[in-house]
Every structure is written in C-alpha cells, then in structure tokens.
Amino acid sequence: MQVFNLFPLTVFQEKILIDEKERELLVNEIKKMKRKEIGDKESSFAWTGDTKGYEFLFSNNLFKNLSFKISNVIIEYLKTLEINTDLLDIYYQRSWATYTENEQSINFHTHSQSNISFAYYLLKPPSSGGIIFRANELQNEIAKNIFTNSKLEKSLVNKANAFNSDRSMFDLEQDSIIIFPSKTPHATTPNKSGLPRISISGDISIMLKESKGFEHLMPNFKNWTKF
C-alpha cells in the first residue's frame, strides 16, 4: 500500500543565533515597552506589542541586526516554495514583541492583511508553551465533523494522527524562528514555566517589482494613486 499526502501546508523552521549581550539589550528594550504601556496589570493573555502601539519594532536600531538575519531566512523560505524573489519587493509590514508570563497564552487568530508571518523566540524557557497551527479545512474529512473530539470520545475515530487532526503544535527552542502563510490560524499554548517567554513576530508583504502580465499578485505601490 502507498499513502500520498497532497496539498501540504509548509511551515519553515530555522535557528538564528545572537550573542547574549545583544539578547539582553533586546529583552530589556521589550520589558521597557511593556512596563510603559500597562504597568503591573495582570491578564490571562500575553502582552502583544502590535495591539499596544509598538507594531514597528524593526524601526528601532537595536533590532537592526536581528531583522537582517530574519530577512535572509525569509528569502530561504520563499525559495523553498520555488518563488522567484528577483521579481519581488519584500517589506516588513509590521514587527512587534510578545511577552507571555505564567499561564498566559494567545488565542487563535490570523494576520489577514499580510502574506507571510513569523515568530522568533528571543527568550524561551523550557515548558513555556508552543505555537499551534489549525487547518481551515480538513482534506480527509469524509463526513462533516467526523474528526472532532466527540468522535474520538465515542470511539468512532480510534486516535488522532496526521491524517485526521486539524491542528499541530510546535514547541520550539530559544533562537528558533518559524515562518508560515499569514492566513494560517495559529495560537499559543499556556506558559507553564513560571518564567517569561518573549517572541518577536512580524508580518511581511510581497509585491511585484513590475506587474505587467500579472493579474493577482499585488502591484508595486510606486504605481498607486492616492486620493
């Protein structure tokens, strides 16, 4: 018997190493942003800079080296998909930090305004939680809702596996980066470490350098008309 898995979602993982002095500078800068915005307020959800007025992190010179390293990995991701980056202009649309304390998490969401999203783990203690991806549609769903938890509980489905699950979790190490299409629903699991987890996330937009002959990809904004 042969099994063919068709129509994959490709999630790209790599390591980006920085020295400890740089890490300390970046962590302290993010802590300063968090303290300035919310003080000592408690919440069950992680602090996310993109919703707190800190959505352009890479405009800060302290993050210049890291943004350069991430750019190189983004190019490798696009090449893995066989996309010709010579025809594209690629922009960091937004970039921000997330700060997750004990028992905090982030609910499922998408970044519908961009093309590519990433998360880089600047500070990642063991047991501090992972990232979960969820499928919008299960290609193997031969009957509506056949793969739900209730069907597992009633033994209609023997066990969850890669063929019938609508989600996958990655528990990455510090200095790991994960890259994925922005339209992919994703969330984080609760931080159980008792220590903060800090990630740096970003959204990337791609557009054609020259749009002649293309219909669907975004034309370059140099040709747009403002009104």
Side-chain angles (χ1 to χ4, degrees), residues 9-35 46-50 54-83 85-86 88-102 104-106 111 114-133 168-182 184 186-206:
L9 167 66
T10 301
V11 174
F12 192 93
Q13 180 186 342
E14 184 59 279
K15 278 285 190 81
I16 296 178
L17 302 179
I18 59 175
D19 64 47
E20 292 309 307
K21 183 177 180 181
E22 181 180 3
R23 189 189 314 281
E24 184 179 1
L25 284 171
L26 301 186
V27 167
N28 287 338
E29 186 72 6
I30 292 164
K31 286 182 176 179
K32 188 191 307 180
M33 295 174 189
K34 179 178 177 292
R35 284 196 302 268
W47 181 87
T48 56
D50 60 325
Y54 298 100
E55 71 270 37
F56 303 115
L57 196 67
F58 287 167
S59 63
N60 185 325
N61 282 334
L62 288 177
F63 294 85
K64 185 175 181 180
N65 177 58
L66 181 60
S67 67
F68 174 76
K69 290 184 175 183
I70 291 176
S71 299
N72 290 333
V73 180
I74 297 296
I75 295 297
E76 290 304 311
Y77 166 77
L78 289 167
K79 288 181 177 178
T80 299
L81 300 180
E82 295 294 344
I83 293 172
T85 57
D86 292 339
L88 300 176
D89 280 338
I90 306 170
Y91 293 90
Y92 285 117
Q93 183 194 96
R94 304 188 304 162
S95 50
W96 66 95
T98 69
Y99 194 102
T100 307
E101 299 185 87
N102 200 44
Q104 290 182 334
S105 61
I106 299 173
H111 300 185
S114 60
N115 302 113
I116 301 165
S117 295
F118 67 86
Y120 169 74
Y121 291 90
L122 179 66
L123 207 60
K124 182 67 165 61
S127 303
S128 60
I131 184 170
I132 314 171
F133 295 99
S168 293
M169 197 273 283
F170 293 78
D171 191 4
L172 304 176
E173 297 177 346
Q174 186 166 288
D175 288 321
S176 295
I177 184 171
I178 194 159
I179 307 168
F180 51 94
S182 296
T184 309
H186 56 286
T188 66
T189 58
N191 181 352
K192 300 289 187 180
S193 70
L195 298 169
R197 180 185 75 230
I198 299 178
S199 64
I200 294 174
S201 296
D203 290 332
I204 291 163
S205 289
I206 62 174

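Quick note: residue numbers are just sequence positions, from 1. Side chains are part of it too, since the values below use all heavy atoms of this structure and drop only hydrogens, waters and symmetry mates.
Remark: the backbone N or O of Gly129 is paired with a side-chain donor or acceptor of Lys124 at under 3.5 angstrom. Distance alone, capped at 3.5 Å, places no donor-acceptor pair between the Thr100 side chain and the Ala46 backbone. Of the possible polar contacts, none joining the Ser205 side chain to the Tyr91 backbone as a donor-acceptor pair under 3.5 Å is found. Asn28 places no side-chain N or O within donor-acceptor distance of the main-chain N or O of Lys32, the cut-off being under 3.5 Å. For the pair Arg23 (side chain) and Leu122 (backbone), a donor-acceptor distance under 3.5 Å is present.
Using a 4.5 Å cut-off on side-chain heavy atoms (C-beta onward), Leu123 and Leu195 make no contact. Proximity of Lys15 to Glu173: side-chain heavy atoms (C-beta onward) are separated by under 4.5 Å at one or more points. A 4.5 Å side-chain heavy-atom check between Ile204 and His111 finds every atom pair outside the cut-off. In this structure, Ile83 and Ile206 have side chains that are not in contact, with every pair of non-hydrogen atoms separated by 4.5 Å or more. Phe12 places none of its side-chain heavy atoms less than 4.5 Å from the side chain of Leu81.
Checked against salt bridge (charged side-chain N to carboxylate O under 4.0 Å, His left out), Glu24 has no partners two or more places apart in sequence or in another chain. Lys79 meets the salt bridge (charged side-chain N to carboxylate O under 4.0 Å, His left out) test with no other residue; sequence neighbours excluded. By the side chain to side chain contact (heavy atoms under 4.5 Å, CB included) test, Pro196 is found to be paired with Tyr99, residues two or more places apart in sequence or in another chain being considered. Taking Glu82 as the reference, nothing meets the salt bridge (charged side-chain N to carboxylate O under 4.0 Å, His left out) condition, with sequence neighbours excluded. With sequence neighbours excluded, the residues forming a side chain to side chain contact (heavy atoms under 4.5 Å, CB included) with Leu17 are Asp175, listed by chain and number.
In this structure, the separation between OG1 on Thr98 and OH on Tyr54 is 15.5 Å, given to the nearest 0.5 Å. The CE atom of Met33 sits 13.5 Å away from atom CH2 of Trp96, with the distance rounded to the nearest 0.5 Å. Atom CZ in Phe118 sits 15.0 Å away from atom CD in Gln13 (nearest 0.5 Å). Atom OG of Ser199 and atom CD1 of Ile178 lie 11.5 Å apart (nearest 0.5 Å). Taking CG of Asn65 as the reference point, atom CD1 of Ile18 lies at 8.0 Å (rounded to 0.5 Å). For the atom pair CZ of Arg197 and OG1 of Thr189, the computed distance is 6.5 Å after rounding to the nearest 0.5 Å.
Applying the salt bridge (charged side-chain N to carboxylate O under 4.0 Å, His left out) test to pairs two or more places apart or on separate chains, none has a residue in residues 57-78.
Ser117 and Asp203 are linked by a side-chain donor-acceptor pair at a separation below 3.5 angstrom, with hydrogens and angles left out of the test. Using modelled atom types, one finds a donor on one side chain and an acceptor on the other under 3.5 Å when comparing Tyr92 with Ser71. Side chains of Ser182 and Ser114: a donor-acceptor N/O pair is present below 3.5 angstrom, by distance only.
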* From CA spacing to verdict: side chain to side chain contact (heavy atoms under 4.5 Å, CB included), Asn72, Ile16 -> CA-CA 10 Å; Asn72 290 333; Ile16 296 178; over 6 Å; no
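Closest heavy-atom contact between Glu14 and Val73: CB-CG1, 3.9 Å. In terms of heavy atoms, Ile132 sits closest to Met169 at CG1-CG, 3.7 Å. Residues Thr10 and Pro181 share a closest heavy-atom pair of O-CD, 4.0 Å. Shown here for Pro126 and Ser193, the closest heavy-atom pair between the two residues is O-CB, 3.2 Å. Minimum interatomic distance between Lys34 and Glu101 (heavy atoms only, all atoms of both residues): NZ-OE2, 3.3 Å.
Using bins of under 30°, 30° to 60° and over 60° for the plane-to-plane angle, the ring pair Phe58/Phe63 lands in the tilted bin. Between His186 and Phe133, the two ring planes are tilted [angle within 30° to 60°].
Each of Ile200, Ile198, Leu172 was evaluated against Tyr121; a single residue qualifies, Leu172, per the side chain to side chain contact (heavy atoms under 4.5 Å, CB included) test.
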